[in-house]
Amino acid sequence: MKTARRRRSMSAAQRRIQEAAVQLFAEKGSTQVSMSELAQAAGVARGTVHNNLESTDVFFRQIANDLATEMYDRITASCEGVTDPAHRLALGVRFYVRRAHAEPHWGRFLLRFAMSEQSMQSLWMGQPTQDLVDGHKSGKYDFRIDQLPSSVSFMASATLGAILLVLEGHRTWRDAGSDAVEFCLKSLGVPREEARRLATMELPALLDAPASTPRGGKPSAATARRKRGE
């Protein structure tokens, strides 16, 4: 994956700049971050920032796209082999909430921009939307197909709401994530007992995204799905 390869090839200074940018963009809620602010937050010289950035606006769009793509790829890899759409939804939502707890600046960046920034829409489109469609086709989910956009919006809002509760200290990541999953699944028509079971089952580790396709080999199922836009 290009995003994974680019991050692995970053220098220590570039990593510090990106991490500082995520924090500053999240705190300010806008792209109005100066080169000087970024250099100070990253602990590097202003010239180093200038040498690595075309502009803060361009850098913001790159970061937003990278964060969305990286999380999409990691969740897809972590859900490999899971065929039940309800189980996939439960894992995905809780992966987001747990990571926001572990990486608060990442979580706050999502709260600020995940619903408004076009380059972050892959968080909700693609596989999450396909899982809703699959659940509808199989009869597991009970909603009209014309309600799909509202279903996606509800799932995204529940996830971000859970992240907010965690970052503000109102709920633990386990409780907030499980509640969000349970509410989502029940609203989609999953029986109460099954929704609760999926919402509280052990959450596995969030895997790293594959760095690339092996030479001469076939791309992983995760890579193939992303390329197809699923």
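Predicted model, so just to flag it, every value in this text is computed and none were measured.
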Just by distance, do the side chain of [X] and the backbone of [Y] share a donor-acceptor pair under 3.5 Å?
{"X": "His136", "Y": "Phe143", "answer": "yes"}
{"X": "Arg16", "Y": "Ala42", "answer": "yes"}
{"X": "Arg98", "Y": "Arg174", "answer": "no"}
{"X": "Thr159", "Y": "Val93", "answer": "no"}
{"X": "Arg171", "Y": "Asp179", "answer": "no"}

Less than 6.0 angstrom separating the ring centers of Trp106 and Phe25, yes or no? no
Pairs of donor and acceptor atoms involving the side chains of residues 149-157, under 3.5 Å and at least two apart or interchain, shall be tabulated with distances.
unit_1, atom_1, unit_2, atom_2, d
Ser151, OG, Gln147, O, 3.0
Ser157, OG, Ser153, O, 2.8

Decide yes or no for [X] and [Y]: does some side-chain heavy atom of the first lie under 4.5 Å from some side-chain heavy atom of the second?
{"X": "Phe60", "Y": "Glu117", "answer": "yes"}
{"X": "Leu165", "Y": "Asp175", "answer": "no"}
{"X": "Trp173", "Y": "Leu167", "answer": "no"}
{"X": "Leu91", "Y": "Ser78", "answer": "no"}

Under 4.0 Å between a side-chain nitrogen and a carboxylate oxygen: does that hold for [X] and [Y]?
{"X": "Lys140", "Y": "Glu194", "answer": "yes"}
{"X": "Glu202", "Y": "Arg197", "answer": "no"}
{"X": "Lys186", "Y": "Glu193", "answer": "no"}

Derivation and outcome, side-chain contact (heavy atoms from CB on, under 4.5 Å), residues Asn65 and Met120: CA-CA 6 Å; Asn65 180 73; Met120 299 196 77; over 6 Å; no
Please list all pairs passing the salt bridge (Lys or Arg N to Asp or Glu O under 4.0 Å) test where one or both residues lie in residues 154-167, with sequence neighbours left out.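 For residues 154-167, and leaving out neighbouring residues, there are no salt bridge (Lys or Arg N to Asp or Glu O under 4.0 Å) pairs at all.
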Is the closest side-chain donor-acceptor distance between Gln23 and Glu19 under 3.5 Å?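 There is no such pair between these side chains.
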